[in-house]
Structures are given as structure tokens and as C-alpha cells.
Enquirer: 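Below is a structure I'd like to ask you about.
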Amino acid sequence: METRNIFENISSLDHRYSLSEKAVFDGLSKYISEAASVRSMAKCEAALVKAHLAVRGTLTDSIAKSLDDVAENIDPNEVYQEEEKTQHNVRALVNVMKKKVSADVAPLVHLGATSVDILDTALSVRMRDAVQNVVLPELKSLEKHLCDIAERECATPQVGRTHGQHAVPITFGWSIAEFVSRLGKSILQIEALSKQLKGKLAGPVGSYNGPSMIVKDPEDLEKRYLAFVGLEPSEYSNQLVEPEYLLRLLLELNVAFGIIANLADDLRNLQRSEIGEVFEYFSSTQVGSSTMPQKRNPWNSEHVKSLWKAFAPRVMTFYMDQISEHQRDLTNSASQRFIADYVTGFTMAVARMNKVVSGLQADRENMAKNLSGAGGKVKGGVLAEPAYILLGEAGVSDGHEVIRKITLEAEESGKTFFEVLKTHTDAFAKITAQLEKLGVANPENFFEKPENYCGLAAVKSKRLAQKYAELMK
């Protein structure tokens, strides 16, 4: 077979990313490379022969093994050379296989099948195996890392942010628990959808015309055929398996991709010099900038988002492949081949994100510093919300306005929110009384430290981390 220096390949997946994410590339190559594609179709052809023999009662273990050996060792180069003559990829495979199996079973190769009985079934097998054996392990590893961080940092105070502005206090574990929950649900959905992929043996228009000329019960033959590759038949097929089975799986992969890109973006921003609340592992030989030796750029997080930008728009092609005129046209022939690229790009982004979070550390000192100074021009202003809520609970209808004026006073005086709040003795007394009712320890000093106001962040972070860590098992 012809070999090529990887740097002469066109796709960056086959050189730049195959080197940096070698384990992922090698793992996926077993299932969705072109060699794997040809061999998976050969395995389906072998499964069809076994189904015919099983119906006749003449299938033996030795025959089954010989058919599997032929399929496993089929030479893609030989099939491609045959295709140059036939100008038809499946017929080329059939011609090659007929020469390699024993003469008594050769007539059964492809008997009663149309091309897509092999193509769609083989695609389902490849996607199922790639997702379950490579994609899901990478996703679950990422989820477990996130669970570890969410639990470890469940009580680490951090300022919350909305619209890029300081909001109310949270914990770092809580900010990570968002992605634990979102990604965890998506992983479970991907796993379920990968088990629902279907195959077919129903002929050119799906009505079993050809198989009905061979056996009395074509649906039984179809079930036997698919059982050999671990699938079930599609409820309805024309020449194609209903496209929604694969479409839903690809769409959920894209959902997970978006979640991971969102995480990468948040982590990248938290590493900004003026924020500095987290940092990625940076090796002793790593270079952050070609000209500024001091820099430590969050380039791994940026690469994840960049891969998402490159591959997420391909979801439109998945939707377009949903449409095929009448019983089938061939407009998905080229576009469907690029599913392999998408799955590879996605999985490499997951692997890259795994590298980021496995070495991710919270800068607790900087988080505390940012939180203590949070609130815009009013130090401690992030505690304006609980003050107004407690006043409302005390029966003050214009509590929001009372606290707004206190924040303005603090801004003008340069004092902290807490310092000014205490001078408004009536409001402060009512607020303190409400805190006492809630059983808050040391209520008079509650507003001295913003980290006192974190709600259920620590509790729920730990709960979600433990829940999804268990589900990933």
C-alpha cells in the first residue's frame, strides 16, 4: 500500500493534531479511517453470508471464522484498484471478496443486498464503536476531572459575574459545577444514542423485494444479518436507514462540543492578567510567546474553542443529509464521508480540554483578592443584594432604594459598603434581626466578608460532583 509522509497530507487532523493527540488519532483510526471503513463493509458482507448459511442450517464455526478472517484482512488498496475498473465502491469490494472466500460461499456474497444495506449498516457499526470505545472514554475522563475540581473547590470563594461585571459571590466549585451538570447530561445522552443506531437488509427501496426471492421470511434474514454485527433493523427503511438515528447522535456530539467550548472560553478569560483566578499547567520547557519570554498564554483553551469554530458549523451538513429524494438519491455520498473528520475534530478538542483541566489550579489568593474588591466603585458592593432582600423581609417596601442610596454614599465617601451600612442604624438593625431569624452566626459582621454570602454554592457543587462522578462509572 502506498505510504505518505504525514506532512504531505492535506488535513491538519492528519499531521498537526495526529501528532499532538496521537492516542486519540490512533484510537479513532481503528474505527473511522478509510481502511476501517472498507473493512467494516467487508465485515457486513461476511455477516450477510453467515446469515444466509444460518438460514440454511449450514453455518459452522470454521466457516464463520474464515469469513471473518477475510473481512478483517481485506486490503483497501486492492479494493480501490478494483473500483478504478468498476467505478462503484461496493461492487469493487464484492468482486475482491468473492475471490478470497471459498467457491461454495462466493455466490452468497452480497446476495439480496443493495449497496446501502452494506454502507449504512457499516456506518452505524463504525460510529457506534468509535463513540463507545474512544469518544465516550475521553468525555468521561473530562467529566471526572471536572467533578474533582468542583468537589475540591466547592467552598473556595469567588466573585460571580454576569455581563462581564461583578455580580454576587459564588464559589469556584460552583462555576465548574455548571459544566459538570451540562456535560454530564450530554454524555449520558450520547451513550444512549450510540446504542440506538440501526442497520438494514431491505433492498433498493426498502420493501424486501430481493430478499423475498431468497427466503420466505426476509425480516428474519435481516435480523440474523444485523445480529452478527450487533445491530437491530431500522423500523422503516427505503434504500437508506432512517437518517435521524445518526443525526441525533451527531447533534448531541455538537451539543457537547458547545459546552466544552464554553468551558474553554470561561477558563481562558479567568486566566487574563487582570483576573488571574486560575492557571493551567505550564511545563519548564514550554514557551508562551515567540517574543515575550514572560508570557504564559492559555493556548490550549483557545485551541479548543478554535476547533469548535471549525467543526460546529458542519452540523448544517448533517441536517442536509437528512433529505434524500424519494427512496434515495446520492447527494449524501461525498458529504457523509466528512463525518469522520467531525468526530475526529471533536474528540481531539475533548482530549485537549482533558489536558487543560487535569492540571488546572485555582489561584485562591487572587480569587479572595478579587472578591474582597468586588462591587465596582463600591468595595463590598456585591453584598447590596442581600441587604435589600433582608430589608424587604423586614417589611421595608422601598428597601432597594434605601440600599441604592447607601451604595452611592459609599462610592462618594470611599468607605466600604459595610462601613456605611452600619451608620444607617435603623436599616442595619432590621437587617441584623432578619439574619438572626435565619440562624446566621455573628450576624452583626455578616456584611464584613463577601464570602459569607455564597448561598448553596458549596453544597450543590459537592452534590453535583458526587452525582456525576458516580454516573460516569
Side-chain angles (χ1 to χ4, degrees), residues 13-14 18 21-48 50-51 64-65 67-74 76 79 89-90 93 116-142 186-201 223-234 240-254 256-257 311 318 321 336-351 472:
L13 293 174
D14 293 325
S18 70
E21 308 297 345
K22 188 177 186 303
V24 167
F25 187 89
D26 291 347
L28 288 174
S29 182
K30 296 175 185 177
Y31 304 107
I32 56 177
S33 65
E34 186 59 13
S37 175
V38 172
R39 290 185 182 123
S40 70
M41 289 191 290
K43 290 174 184 176
C44 288
E45 293 287 2
L48 177 56
K50 287 189 279 187
K65 184 178 184 306
L67 288 166
D68 290 339
D69 287 344
V70 168
E72 185 65 37
N73 294 292
I74 205 81
V79 175
N89 60 338
V90 176
L93 172 65
V116 186
D117 289 326
I118 304 301
L119 289 167
D120 272 13
T121 300
L123 178 58
S124 290
V125 169
R126 293 198 303 279
M127 286 298 298
R128 177 199 64 199
D129 293 347
V131 167
Q132 293 183 2
N133 296 322
V134 184
V135 180
L136 280 168
E138 282 292 336
L139 281 168
K140 289 183 177 183
S141 175
L142 174 57
S186 190
I187 290 171
L188 296 175
Q189 187 73 354
I190 289 167
E191 189 163 34
L193 289 168
S194 72
K195 296 175 182 177
Q196 295 171 20
L197 296 173
K198 308 297 183 186
K200 71 174 283 268
L201 180 66
K223 288 176 182 176
R224 290 174 184 266
Y225 159 59
L226 294 174
F228 282 117
V229 292
L231 294 177
E232 294 179 349
S234 179
L240 305 168
V241 170
E242 290 174 285
E244 287 74 27
Y245 293 110
L246 179 57
L247 175 62
R248 290 187 180 101
L249 175 59
L250 293 171
L251 294 181
E252 193 58 44
L253 290 178
N254 212 51
F257 212 158
F311 287 98
F318 304 154
D321 280 348
Q336 200 172 69
R337 292 178 182 273
F338 290 90
I339 290 173
D341 294 53
Y342 174 86
V343 173
T344 303
F346 167 69
T347 313
M348 286 180 169
V350 179
M472 290 306 107

Enquirer: How long is the span from the CD1 atom in Ile32 to the CZ atom in Arg337, to the nearest 0.5 Å?
Expert: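 Reported to 0.5 Å precision, the distance equals 14.0 Å.
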Enquirer: For the CD atom of Gln196 and the CD atom of Glu232, what is their distance to the nearest 0.5 Å?
Expert: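 Going from CD on Gln196 over to CD on Glu232, the span is 10.0 Å.
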Enquirer: Could you tell me which non-hydrogen atom of Lys223 sits nearest to which non-hydrogen atom of Pro233, and how far apart they are?
Expert: CG-CG, 4.1 Å
Enquirer: For residues 240-252, please give each side-chain donor-acceptor pair under 3.5 Å, one per line with the distance, not counting sequence neighbours.
Expert:
residue, atom, partner, partner atom, Å
Glu242, OE1, Ser234, OG, 3.1
Glu244, OE2, Gln322, NE2, 2.9
Glu252, OE2, Ser186, OG, 2.7

Enquirer: Below 4.0 angstrom, N of the basic side chain to O of the carboxylate: do Asp68 and Lys50 qualify?
Expert: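 Yes.
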Enquirer: Check Met41 against Leu93 and note the closest heavy-atom contact, atom names and distance.
Expert: CB-CD2, 3.5 Å
Enquirer: Mind jotting down which residue pairs meet the salt bridge (charged side-chain N to carboxylate O under 4.0 Å, His left out) criterion with at least one end in residues 117-127? Sequence neighbours excluded, please.
Expert: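 Found Asp117-Lys200.
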Enquirer: Can you list everything that forms a salt bridge (charged side-chain N to carboxylate O under 4.0 Å, His left out) with Glu21? Sequence neighbours excluded, please.
Expert: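 Partners of Glu21 under the salt bridge (charged side-chain N to carboxylate O under 4.0 Å, His left out) test: Arg352, Lys355.
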Enquirer: One thing to verify: whether Asp69 and Lys65 come together as a salt bridge, which I'm taking to mean a side-chain N less than 4.0 angstrom from a carboxylate O.
Expert: yes
Enquirer: Give the C-alpha distance, both sets of side-chain angles, the deciding distance and a yes or no for side chain to side chain contact (heavy atoms under 4.5 Å, CB included) between Val135 and Val350.
Expert: CA-CA 8 Å; Val135 180; Val350 179; 5.9 Å; no
Enquirer: For a quick test of reading the model, state the closest non-hydrogen atom pair linking Ser124 to Leu197 and the distance between them.
Expert: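 Taking every non-hydrogen atom into account, O-CD1, 3.6 Å.
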Enquirer: Hey, can you tell me if Phe311 and Phe257 have their rings parallel, tilted or perpendicular (30° and 60° cut-offs)?
Expert: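 Rings of Phe311 and Phe257: parallel, under 30°.
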Enquirer: Does a side-chain heavy-atom distance below 4.5 Å link Leu193 with Arg128?
Expert: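 In short, these two side chains do not touch, never coming nearer than 4.5 Å.
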Enquirer: Go through Tyr342 and Leu253 one step at a time and tell me if the side chain to side chain contact (heavy atoms under 4.5 Å, CB included) criterion holds.
Expert: CA-CA 10 Å; Tyr342 174 86; Leu253 290 178; 4.1 Å; yes
Enquirer: Write down the atom of Met348, the atom of Ser18, and the distance for their closest heavy-atom approach.
Expert: CE-N, 4.0 Å
Enquirer: If you compare all heavy atoms of Cys44 against all heavy atoms of Val229, which two are closest, and at what distance to 0.1 Å?
Expert: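 Reported closest heavy-atom pair: SG-CG1, 4.4 Å.
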Enquirer: How long is the gap from CD1 on Ile187 to CG on Leu139, to the nearest 0.5 Å?
Expert: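 CG of Leu139 is found 5.0 Å from CD1 of Ile187.
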Enquirer: Is the shortest side-chain heavy-atom distance between Phe318 and Ile339 below 4.5 Å?
Expert: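 They are in side-chain contact.
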Enquirer: Could you tell me whether a side-chain N or O of Ser29 sits under 3.5 Å from a main-chain N or O of Phe25, the two making a donor and an acceptor?
Expert: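 The answer is no, because no donor-acceptor pair under 3.5 Å joins these two groups.
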Enquirer: Considering all heavy atoms of both residues, which atom of Val134 and which atom of Val24 are nearest to each other, and what is their separation?
Expert: CG1-O, 4.3 Å
Enquirer: Of Leu231, Leu201, Val125, which meets side-chain contact (heavy atoms from CB on, under 4.5 Å) against Leu226?
Expert: Leu231
Enquirer: Which distance, rounded to the nearest 0.5 Å, do you find between the CD1 of Ile118 and the CD of Glu45?
Expert: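 Spacing of CD1 (Ile118) from CD (Glu45) equals 3.5 Å.
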Enquirer: List the steps, then state whether salt bridge (charged side-chain N to carboxylate O under 4.0 Å, His left out) holds for Arg39 with Glu72.
Expert: CA-CA 6 Å; Arg39 290 185 182 123; Glu72 185 65 37; 5.6 Å; no
Enquirer: Can you find a pair of side-chain heavy atoms, one from Tyr31 and one from Val343, that are under 4.5 Å apart?
Expert: no
Enquirer: Quick check for you: to the nearest 0.5 Å, what is the distance between Leu28 atom CG and Thr347 atom OG1?
Expert: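 The distance works out to 4.5 Å.
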